[in-house]
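Throughout, a chain's letter reflects where its sequence line sits, starting with A, and its residues are numbered from 1.
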There are 2 protein chains.
Amino acid sequence: MSGKDGNRREGTARANVRCAEQPAARPPSIKDIARLAQVTHPTVSRALRNSPLVSAETAARIRHIAEELGYHASALARGLATRQTQTVGLLMEAGNPFAGEVARGVAEAAGERGYALLLVHAQEDAERAHRAIEEMVARRVDGIVVASPRARDLPLLEAMRIPLVLVDSDAPGKAAPAVMIANREAMRAVAQHLIGLGHRRIAYLGDRNGLRAEAARLAGYKSALGRAGIGLAPERIVACDGSPEAAMETMHELLRLNRPPTAVCCASDLVALGAMQAMRTRRLRVPNDLSVTGFGDLFFAAWLTPPLTTVRQPARQMGALAMENLCRLLAGDPLPAQTCLDAELILRGSTARAPKQESDFAE
Amino acid sequence: MSGKDGNRREGTARANVRCAEQPAARPPSIKDIARLAQVTHPTVSRALRNSPLVSAETAARIRHIAEELGYHASALARGLATRQTQTVGLLMEAGNPFAGEVARGVAEAAGERGYALLLVHAQEDAERAHRAIEEMVARRVDGIVVASPRARDLPLLEAMRIPLVLVDSDAPGKAAPAVMIANREAMRAVAQHLIGLGHRRIAYLGDRNGLRAEAARLAGYKSALGRAGIGLAPERIVACDGSPEAAMETMHELLRLNRPPTAVCCASDLVALGAMQAMRTRRLRVPNDLSVTGFGDLFFAAWLTPPLTTVRQPARQMGALAMENLCRLLAGDPLPAQTCLDAELILRGSTARAPKQESDFAE
DNA sequence: GCTCCCGATGCACACGTGTACGGCTGACCC
DNA sequence: GGGTCAGCCGTACACGTGTGCATCGGGAGC
């Protein structure tokens with residue numbers, strides 16, 4: 001029993017009036033438990049961590065008192081002592097539906113492993129992004145999951161020595177291990193599906209901010225056309241910034257071509273949203289006049305009119321796997337630079353046979 | 001100068017091999033800076049916190065060294081000492097698009113105020129939900145923002161003495177201050193819009209998990225019909241669990257009625273998604289045969305075919321305001337039990353005049 | 001009856017930061 | 001020239017938890 005408390009000196013702290021009821025009731029600590037259990041606080045610490053060094057009866061008594069007091073160990077103090085916070089930073093663009101699903105997977109996996117999540121919003125502003133990243137350092141996160149495809153702050157992240165995993169964006173250089181899907185093969189399957197339907201004038205509507213995942217998708221598109229012996233028409237390969245608004249504008253440009261496409265491969269479901277809107281404005285019917293494909297299979301894709309043919313990207317599973325990989329990394333296990341998940345082509349109503357008068361010849 | 005360091009005892013800690021390069025280089029502390037600057041660590045602490053108790057030149061020297069070392073104050077230690085973590089817990093259903101937008105608002109507002117966000121996924125499982133909430137206590141968050149409308153864990157949250165604010169779900173009892181929109185008035189405006197278009201058989205497709213916000217919306221619907229002198233037909237007031245799948249099923253039931261509705265008020269945009277799908281299956285055209293309205297104005301609403309008439313719910317702003325309110329609460333300012341934001345009726349293409357043969361008489 | 005060993009507990013210190021208080025130095029005033 | 005005061009810095013302690021080592025008591029083996 002220390003018996004030396006009760007004369008707390010810092011009377012000025014705790015300035016915020018919480019409820020004006022309890023007189024600044026600080027949460028119970030192991031010392032409080034120790035006093036009640038007639039032991040010292042190290043014994044309490046050991047008992048609560050199920051150390052074999054404590055006798056069964058003492059441990060039971062201590063745990064009972066802890067329960068009664070509503071004790072919850074301070075993760076701050078523990079983190080300070082053990083140098084591990086059991087916290088991982090999650091860098092993502094809050095509001096992005098894909099990132100949201102990834103976050104769900106990460107959150108569930110983290111919860112199971114006793115990790116907490118520090119949510120850091122991927123700011124546009126470079127200066128704020130910098131501060132946000134420093135926040136993670138200050139909070140001493142054990143590792144970081146980056147769920148933001150347009151992570152141009154990767155160099156910053158690597159500069160600090162924190163274990164890092166990426167989702168859906170492999171990085172240039174040696175960088176960090178990433179969880180990906182086979183973007184190239186998936187987009188190739190999309191294009192092959194369209195070719196199989198008789199389309200020859202197939203456009204590609206890309207996402208300029210899609211980083212390497214985007215490059216792989218474009219490569220898949222080109223590969224499919226190449227294999228089918230269809231030449232690449234540069235004017236049919238365009239890109240926007242990834243938003244439906246921009247996609248709509250860009251789609252209008254495609255439709256103004258002399259020989260407009262009969263099918264469009266969109267780099268994402270969001271892009272497809274804008275593309276379909278452009279067709280609607282021009283009274284073109286999907287899929288009768290024009291076929292459209294998306295990428296990602298976001299939750300709304302199945303409910304569009306018509307339902308969107310797209311590639312299922314297992315976002316939640318990707319998040320869970322990223323968290324799992326991060327744990328491996330923290331445990332010291334070496335990881336492959338990339339973990340690749342299967343993507344599945346989902347055929348729905350937005351694709352159909354090419355209009356007859358246009359098929360088979362004349363790209 | 002303490003001069004007593006260098007004999008660190010806990011050689012067994014830090015078991016995880018990070019990169020096998022740096023020999024467990026612990027981040028620099030104020031003591032490291034103090035040694036280099038030939039002062040003691042309290043002076044460093046004061047200098048970095050811009051205390052007037054330090055001479056300008058000493059402070060400059062210290063800050064220079066800190067910068068050079070890449071120093072970032074440990075939020076853990078600071079939280080331990082000051083009893084404030086500058087962290088707020090964000091309880092939300094990750095993956096839900098509305099919650100995602102709210103999260104974005106919260107994140108931006110939190111960033112500006114120097115708060116970090118602890119993301120806690122609102123688990124279905126009661127036992128996990130309990131653990132998740134205890135996690136926030138253990139992490140000693142200063143306050144909590146609840147962005148999950150179906151928060152049946154509110155009692156748990158109130159049990160711990162942590163300041164709390166709610167988004168889009170006012171709570172029973174005295175509970176916590178909430179940021180809301182005028183659900184009742186907004187849905188009334190929706191129904192009045194449909195009535196103005198000549199509709200008389202207007203159905204309501206609710207969300208059973210919508211809590212009180214849902215009750216208010218239904219009340220608004222009833223109020224509008226009442227004012228227009230239209231009787232309530234119980235068979236036209238139905239509810240599902242909020243998912244598009246369930247909404248589709250329930251919509252089919254509505255369409256099987258002897259006298260099916262000519263318009264449907266959906267409790268959310270997600271519900272509207274399912275409802276429109278049901279109509280598509282039956283080859284009913286929106287809005288020619290049937291008008292549909294949503295609620296929320298999620299990002300996809302404007303891009304549907306046809307674009308969805310709905311109520312704009314300023315999710316991001318609600319999140320930001322919730323965070324702001326939480327700060328007020330932490331500062332001791334009393335808050336009104338509810339802060340109400342304006343919602344705006346957005347007219348788009350999914351509503352039109354009622355089919356002629358059905359209007360004006362015979363509800 | 002002595003030693004040896006083992007199980008259970010206490011002691012001391014560490015983690016990194018914040019702050020109340022005291023002490024030192026120099027300038028200023030009477 | 002001594003007292004006073006302000007500015008600046010160091011000392012000591014606190015926050016809550018973890019852990020290496022010492023200690024203490026008791027049982028076993030000789």
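- An OP1 or OP2 oxygen of dG10(C) is reached within less than 4.0 angstrom by a side-chain nitrogen or oxygen of Thr43(A).
- Ranking dA12(C), dT9(C), dG16(C) by closeness to the Pro42(A) side chain, first place goes to dA12(C).
- In this structure, the CD atom of Gln84(B) is 10 Å from the P atom of dT19(C), given to the nearest Å.
- Taking atom CZ of Arg46(A) as the reference point, atom C1' of dG7(C) lies 12 Å away to the nearest angstrom.
- Between His41(A) and Pro52(A), the residue whose closest nucleotide on DNA chain C is further toward the 5' end is Pro52(A).
- Distance Ile30(B) CD1 to dG18(C) C1': 8 Å, rounded to the nearest Å.
- Looking at residues 62-77 of chain A, you'll see that no heavy atom sits under 4.0 Å from any atom of DNA chain C.
- Across the protein-nucleic acid pair, Arg83(A) atom CZ and dT19(D) atom P stand 13 Å apart, rounded to whole Å.
- Each of Ser45(A) and Leu53(A) was matched to the nucleotide of DNA chain D holding its nearest heavy atom; the match closer to the 5' end belongs to Ser45(A).
- Residues Tyr71(A) and Leu48(A) are in side-chain contact: their nearest non-hydrogen atoms beyond the backbone lie under 4.5 Å apart.
- A close approach under 4.0 Å does not occur between any side-chain nitrogen or oxygen of Thr82(A) and OP1 or OP2 of dT17(D).
- One interatomic measurement links the two molecules: CZ of Arg49(A) to P of dG20(D), which rounds to 12 Å at whole-angstrom precision.
- The distance from atom CG of Leu48(B) to atom P of dT19(C) is 13 Å, rounded to the nearest whole Å.
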Go through it in stages, so that I can follow the logic: the residues are Thr87(A) and Arg139(B), the test is side chain to side chain donor-acceptor pair (under 3.5 Å), and I'd like the CA-CA distance, side-chain angles, deciding distance and then a yes or no.
CA-CA 10 Å; Thr87(A) 305; Arg139(B) 289 290 202 290; 2.9 Å; yes

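- Here the C1' atom of nucleotide dT17(C) and the CG atom of Leu80(B) are 8 Å apart, to the nearest Å.
- One atom, NZ of Lys31(B), and another, C1' of dC15(C), lie 8 Å apart when rounded to the nearest Å.
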